[in-house]
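Report on one structure; see the data block that follows.
Computed from heavy atoms alone, side chains included, the values below leave out hydrogens, waters and symmetry copies. The shown structure was predicted, so the numbers you read here are calculated from the model rather than taken from an experiment.
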Amino acid sequence: MSAGEPSMTMEAEQLQRLLDALPALVSYIDSDERYGVANRAYERWFGEDSGSIVGRQVREVIGDAAYAAVKPHITAVLAGRPQDFESRLTYPKGRRRHVRIQYIPHLGASGDVRGFFALVADVSEQKRAEDARRFLADASAALDPAQGRDAGFRRVAALAVASVADLCAVHTLEPDGSVHARVVAHADPAKAELAARLARLGRPLPEPGARTSLLHEVLHGGHARLLPDLADPALAGADHLAALRELGCRSAVIVPIRGDACVLAALTLASAEVDRTYGAADLAFAEELSQRIEVTLQRVRLYDMARDAESEARRRFLAEQEARRAAERAAQRMAGLQRITAALADALTSEAVAQVVVDIGVAAAGAYAGIIVVTAGDELECLKEVGYERETVERFRQMPLDAALPLTDALRTGAPVWLRSREECSARYPRIASAALSGATVSLCCLPLVVQERPIGVLGLSFAEPRPFDREEQEFLVAVSRQCAQAMERARLHEERAALVERERRVALENARLYREAHEADRRKDEFIAMLSHELRNPLAPITTGLELLQMSAQMSAGERADRDDRQILATLERQVKTIVRLVDDLLDVSRITRGKIELTLERLDVASVVETAVESVRPLLVQRGHDLVLSVDPGVFVHGDRVRLEQVVVNLLNNAIKYTNPGGRVSLACAAIAGDARIRVTDTGVGISAELLPRVFEPFMQARRTLDRSQGGLGIGLTLVKRLAELHGGRVEALSGGPGEGTTISVWLPLAGAPSAPAEAPAPPAPGAAPPRAKTRPLHVLLVDDNVDAADGLRRVLQLHGHAVSMAHDGPAALEAARASKPDLVLLDIGLPGMDGYEVVRRLRAEPELTRSYIAALSGYGQDQDRRRSREAGFDAHLTKPVATEQLLSLLAEAAPRG
């Protein structure tokens, strides 16, 4: 040991004693963060011998929480940067201190950092004093009278736990004597929920004789209480303090917050720090805070009084304003109601009423949209709307009565529906609120239109803002709906009266029309009867004359008869009988076509062949009238048609042209294919047609005025047949004339037929006027049954002249007896027999085994399709219409011969 070593040891010991005397922590820490030197203050702070700290790491001594806070500064000082900072550190065993720390780097000879010197001073008291002063200032600022008492308590508690206490609570005494926690706040968020739960428990009034809690004492006018140690056994029974201990608090103060004559509340501040014990300074701080709160509460009371006074003044002002606005609204509503009433006086239809109510009522009610719907059977129909979107209107254009809608509810119940907000509508009509309400609708009302206690419709109004629908507004809107209902009922009665008048007018017009038509029909009937009489007398006159000549011829001697040629008389008789038959056939054809009872036999026809046959049919009339006939017929014009009916069309056209053209005139017939149709055109140089008659020329029995001689002849049905037959073939007709004396042109268009599916040569039509060759029929035994003796006798003579044996009967039983006796080959049986008709006779004849081969033909004046069908169903083999032509009779005989 050198001579200087004792001196150095003494200096080290003196330095150590100097460091130990300092209240602050002084230490040296090497680059490995291990303590090289530590003064005795470490023993006071951490409860360990300072010698045992040397050699240990900083983290191990100060704990993880404090180490985490100072680690960044240690890193910086070991990098050569001195550190001077303050921090609130939590040391082991929950000790918390607010410290000021200085780290000074220790540099080696080469400038490297070998460690650092640490100086740690406890500035907690200083910080508490600063926090207290700052807290009082902040608390004074936080206690805003305008925010109310409880809001001020909450803000003070939040400030307190952020700076001067771990827990802050404010309790008040309730009228029943129990204690109520107004505010409870805790600095530790993890314990905030527990603090709130404990606050909700409440503090009931102690039982008589029981120990009064500290809170009750303070709230009942007691003085402030300092509780430096909450673990004191003497405080074990206090439930309020038990809650503080459960929250980890160790020391507390309770001070009263006084009003003018009583304690308003109790303020509790508590600390959870291990080394923190509240003392007189803390009690004084709490009392100062209480006094500041008292001042604030007085300001709150004054502020509340001022606010109440201001509110009352404002209420009165608003009431006056509302009364003024209510008076204005009442005046506006009355004016609107008067406008509606005046406008409704001129509304004579339901639509006009709806127009007035919607247009004026919507504006008067302050609505942005309105609608009127009325009952229409089982639905509601929109009568008038304004202001709604198109989609909304279409959605409610027609709606069922059982729909869950405000409109239908008002109609079903007869009571108004008031929906003051969208929320109320959604609550009452959850399924339709989003879909049914327009985007602008916030509130709405639906008012039933009631007539004699029966709802007939609904007035709906939509508003763009919430509406309270107060009593005055409801009365006004109900009055509008009543006016609307009454006006609609008046309109309905007016419409019914107008409809009745209109019906009476139409009935009168219809009666007048029917009278004119009946008068015209009666006139045309008289004219038709006159024409029919004339047309029948014309052929009957030569028939009568011819019969007289034949009778006279029968009385003449053979020499006298030789001088007469009866063939001319017979030809005349035949010609006139054919005229009568044609007249009857035309009448029957018009009837059948009109009733749709005619059937066509369609085939592919060359129109030229039809025209040729028709021309030959009318040639005798042409020659008789001395007309020239000009033909222009294109070949190869084909149509699908019934040959007989189309020949009838052309014959009628030619007959008309011939009859209505003066002798020596000209008749032209042209046929050509034009634009997909076959056109048949007949033109004459005849009397022409007047302009007033031309549009009706195709009507039945329609003819121009004629002279008494009726030289043209006809019944006025020829052109009717032409038109109907052309239409049955899918064609059309047209009549043109320049007027009386200018001639007439009648055109018929028929659809052209397509090309034939296979080439086939049409059979050549028989030569005009040539009868088909007929083989000689063997003699037959004919039974002739007819109640008309003259007609039967005539047929008998004809049959006998052709070599047939004839027996006759004039009723049904006689016919059955004769048939059984003679077993005839042919039975000509009249249907209209007396007693037993021909249908019954034929059924009985068919039941006779011996008569099964007999040919039975019906004779009847009825020749329509249903008559022929009925005779066929009864058992007849054929159906002949009276009068029977000789050629037709001979054909029937030829058909019956093979069976016999």
- Task: Look up atom CD1 in Ile257 and atom CG in Leu267, then write down how far apart they are to the nearest 0.5 Å.
- Result: 5.0 Å
- Got a second to check how far Asp282's CG is from Leu269's CG, nearest 0.5 Å? 9.0 Å
- Query: Between Arg324 and Glu320, is there a salt bridge with N-O shorter than 4.0 Å?
  - Reply: no
- Message: Any salt bridge linking Glu495 with Arg497? Criterion: basic side-chain nitrogen under 4.0 Å from a carboxylate oxygen.
- Response: no
- Query: Aromatic rings Phe463 and Phe469: how do their planes relate, parallel, tilted or perpendicular, breaks at 30° and 60°?
  - Reply: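 The arrangement is perpendicular - the two ring planes meet at more than 60°.
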With side chains defined as the heavy atoms from C-beta onward, is the minimum distance between [X] and [Y] less than 4.5 Å?
X      : Y      : answer
Asp188 : Asp166 : no
Pro416 : Pro448 : yes
Leu449 : Ile372 : yes
Tyr278 : Leu226 : yes
Arg258 : Val263 : yes
Ser481 : Val458 : no
Met488 : Ser350 : yes
Val353 : Cys484 : yes

- Query: For Thr441 and Tyr368, what are the C-alpha separation, side-chain angles and deciding distance, and is it a side-chain hydrogen bond (donor to acceptor under 3.5 Å, both in side chains)?
  - Reply: CA-CA 9 Å; Thr441 300; Tyr368 84 91; 2.6 Å; yes
